[in-house]
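Below: the structure, in structure tokens.
Scope of the values below: all heavy atoms of this structure, side chains included, with no hydrogens, waters or symmetry mates.
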Amino acid sequence: MADYPIRVRARLDEPLSRWLWLVKWLLAIPHYIVLYFLWVAYCVLTVIAFFAILFTGRYPRSIFDFNVGVMRWTWRVAYYSYAALGTDRYPPFTFAEVPDYPTTLTVDYPERLSRGLVLVKWWLLAIPHYIVLGLMVGAAYTFTANNDVVLSTPGGLIGLLVFFAAIVLLFVGRYPRGVFDFVMGMNRWALRVAAYASLMTDAYPPFRLDSGPDEPAGPAPVPTPPETAAVPAATAVPAATGVPAVTAVTATEPMAGPAVQPARSGWSVGRVLSVVAGSLLLVIGLGSAGGAAVAAWADEVARDDAGYVSGSTERLTTGGYALRYDALQISSGDWGAGDLDWLGTVRVRATGSPEVPVFVGIARTADVDRYLNQTATDRGRWSDLTGPGPGWQQADRPIAAPLDQTFWVESSNGIGEQSLAWDATAGDWTLVVMNADATRGVDADVNVGATLPVLHDVWIGMLVVAGIALIGGALAITLAIVGARSPETRA
């Protein structure tokens, strides 16, 4: 079998410290922080590479070098920490291969990739591998939203085996060789799938556990004859011509010339930082653009004829005497103003049962607490008010009906739909829904909305921020990629 284009090798460093594995999670924190931002850039660049392959059939070389560097860096940290615990040598902070480090990862650069395959290989074709790795490796590898495979905290079978090896190391002082070989096979399998899902190759990963420190040996490579100059075989020029005899270069001897220099990666620290910053800007820009789209939809489409933006109507029930909503806790110090102009007018609609009049009212929280003290009340946000919960207390019926109280700033009651409108002001407010006669068992459909006059300015501002972030991020990534292109090989 020919070698797979992703090659993972490792050397078990012996002897290993008995106790160092206990603190490697702490020692690796600097790497985890750096790799978090590098993987953000990795995912963004993989999306760029996706479109480049789709339209050109080529994986941009500078992006390829960056992503392979991130995978290599991640694999070194994983090997040092809890994906293998195979070395006590601290991983270097570099994309480059370090020849004397105990582990290496190389990926052959593909000159051409299938344009059609790029659409399905990272999700559909890789599903069997995802299932196998999920069953065997568990949480050792995390599948991101882009379907890239990110090496993370080990779990499942690989985590169990590494933990077993760590216990043996602690008490015996040696790493079980059989466990090491199996763990290496699992890591090698997962890294192959990671490279395939990241579009680095069209070669489908083998369903095979190639255990051990080295890749399986393939057939001996067939020697390729060197390129030769189109020069005839050695000939002697007749003396009669008056030209001295010369010997031409034979067809089997390559012409001499300057040595071919290997391509070098141009990813300096500055360009890496530029890509990371650009990727973060793109993520911020896309998030802001999505938020702007939602806000614009709410402002331009979701408003009703009265100008209110409303949430969905929810069915709220309780076996107690009241439903309350304590989320309107807004202090003037938080907003710096008495009137909440940004919120506008709040509208509450409540529809009870046809037989029992419903009451809905807004009052200051302190007043509501005194009125409903020790009563059977559900407290919290509407999403929590589907029945008796942690805030529900068994007690007697309120001493008076809500209609008899004078502390309500706005209220409405009766059969059928009841509606109130409240001009929001700073303070701690509570919305209460009860039966008008204060009887037990509240059952009502409740809808809350607001005019939100600031919504237009919000989505315009978010759109501006999105545009600036997207342009800045694209520019930063483009300049870094262009500057990081490897020098062309010259003869």
Hits for ring-ring contact (aromatic ring centres under 6.0 Å, His included) against Tyr109, two or more places apart or cross-chain, chain-then-number order -> Phe64
Mutual orientation of the aromatic rings belonging to His31 and Trp73 [parallel < 30°, tilted 30-60°, perpendicular > 60°]: perpendicular
What residues, two or more places apart in sequence or in another chain, satisfy salt bridge (Lys or Arg N to Asp or Glu O under 4.0 Å) together with Arg89? Asp100
Donor-acceptor pairs are to be reported for all side-chain atoms of residues 47-54 against protein atoms at under 3.5 Å, with residues two or more places apart or in another chain.
none

Selection residues 269-298 - residue pairs positive for side-chain hydrogen bond (donor to acceptor under 3.5 Å, both in side chains), sequence neighbours left out: none
Pair Thr430-Thr365, side-chain donor/acceptor within less than 3.5 Å: yes
Report the residues that fulfil side chain to side chain donor-acceptor pair (under 3.5 Å) with Thr439, sequence neighbours left out, ordered by chain and then residue number. Asn435, Asp437
Mind checking what makes salt bridge (Lys or Arg N to Asp or Glu O under 4.0 Å) contact with Asp304, not counting sequence neighbours? Arg347
Sequence neighbours left out, what passes side chain to side chain donor-acceptor pair (under 3.5 Å) with Glu97? Give chain and number order. Arg72
Output all residues satisfying side chain to side chain donor-acceptor pair (under 3.5 Å) with Arg18, sequence neighbours left out; order by chain, then residue number. none
Side chain to side chain, Tyr101 and Pro91, heavy atoms closer than 4.5 Å: yes
Which pairs, with at least one residue in residues 121-131 and sequence neighbours excluded, count as a salt bridge (Lys or Arg N to Asp or Glu O under 4.0 Å)? Lys121-Asp202
Show me, pair by pair, the donor-acceptor contacts under 3.5 angstrom made by side chains of residues 459-484, not counting sequence neighbours?
{"residue": "Trp459", "atom": "NE1", "partner": "Asp299", "partner atom": "OD2", "Å": "3.1"}
{"residue": "Thr478", "atom": "OG1", "partner": "Ala474", "partner atom": "O", "Å": "2.7"}

Are side-chain N/O atoms of Thr46 and Trp122 paired as donor and acceptor at under 3.5 Å? no
Residues Tyr42 and Ser198: side-chain donor-acceptor under 3.5 angstrom: yes
Partners meeting salt bridge (Lys or Arg N to Asp or Glu O under 4.0 Å) with Asp457 (sequence neighbours left out): none
Results of salt bridge (Lys or Arg N to Asp or Glu O under 4.0 Å) for Arg58 - residues two or more places apart only: Glu111
